[in-house]
Amino acid sequence: MSFNNNNNRSTNFSNNPSKFTIKPFRSYTQMDTPSASSTFQSLSSAMDEIHNRNASTLSFEELYRNAYNLVLHKHGGLLYEGVTERLTWHLRRSGGRL
C-alpha cells in the first residue's frame, strides 16, 4: 500500500477560486420603538442604581449589549438624549444637596 500524496491536490489555498469566507451573522429584524424605549428604560434604571452606589447586582455586559443593540438598530438618538437627560437630572439633584 502506497501513501503517495501526489494526487494533483494543491496545498496552497490561494489558488482556490471558490474561496470559503465566513460572513458575520446579521439579524434582519429591526427593533421597534416600544422595544427600544423598554430597553432604554432598563438602562435608565441601571444608571440610577449606579448613581446610588448600588451596582453590585448589575451585569455590565448586559448593559453594554443593550446600549450596543440600540445603536445597531438605529436608536442611537434615543440613547444619547436619554443618557444626557438622565445624567443632567442626577447632576442637578446632586448639586442641590451641596
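If you're wondering where the values come from, they're calculated on a predicted model, not measured in any experiment.
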Would you say Ser38's side chain and Pro34's backbone share a donor-acceptor pair under 3.5 angstrom? no
Rounded to the nearest 0.5 Å, how far apart are [atom1] of [X] and [atom2] of [Y]?
| X | Y | atom1 | atom2 | value |
| --- | --- | --- | --- | --- |
| Thr39 | His73 | OG1 | NE2 | 9.0 Å |
| Ile50 | Arg53 | CD1 | CZ | 12.5 Å |
| Glu81 | His75 | CD | NE2 | 14.5 Å |

Is Leu72 reachable from Val83 through a run of hydrophobic residues whose side-chain heavy atoms are each under 4.5 Å from the next? no
Do Tyr80 and Phe40 share a hydrophobic cluster, counting only Ile, Leu, Val, Met, Phe, Trp and Tyr and linking them when any side-chain heavy atoms are less than 4.5 Å apart? no
Check whether any side-chain heavy atom of Leu43 sits under 4.5 Å from a side-chain heavy atom of Leu79, and report yes or no. yes
Within-4.5 Å side-chain heavy-atom neighbours: Leu87 and His51: no
For Asp48, give me all partners under salt bridge (charged side-chain N to carboxylate O under 4.0 Å, His left out), at least two apart in sequence or on another chain. Arg86
Shortest non-hydrogen contact from Ala36 toward Met31: CA-SD, 3.6 Å
What residue pairs, at least two apart or across chains, pass side-chain hydrogen bond (donor to acceptor under 3.5 Å, both in side chains) with a residue in residues 57-70? none
Check the surroundings of atom CD in Glu49: do more than 12 heavy atoms from other residues, nucleotides or ligands lie under 6.0 Å from it? yes
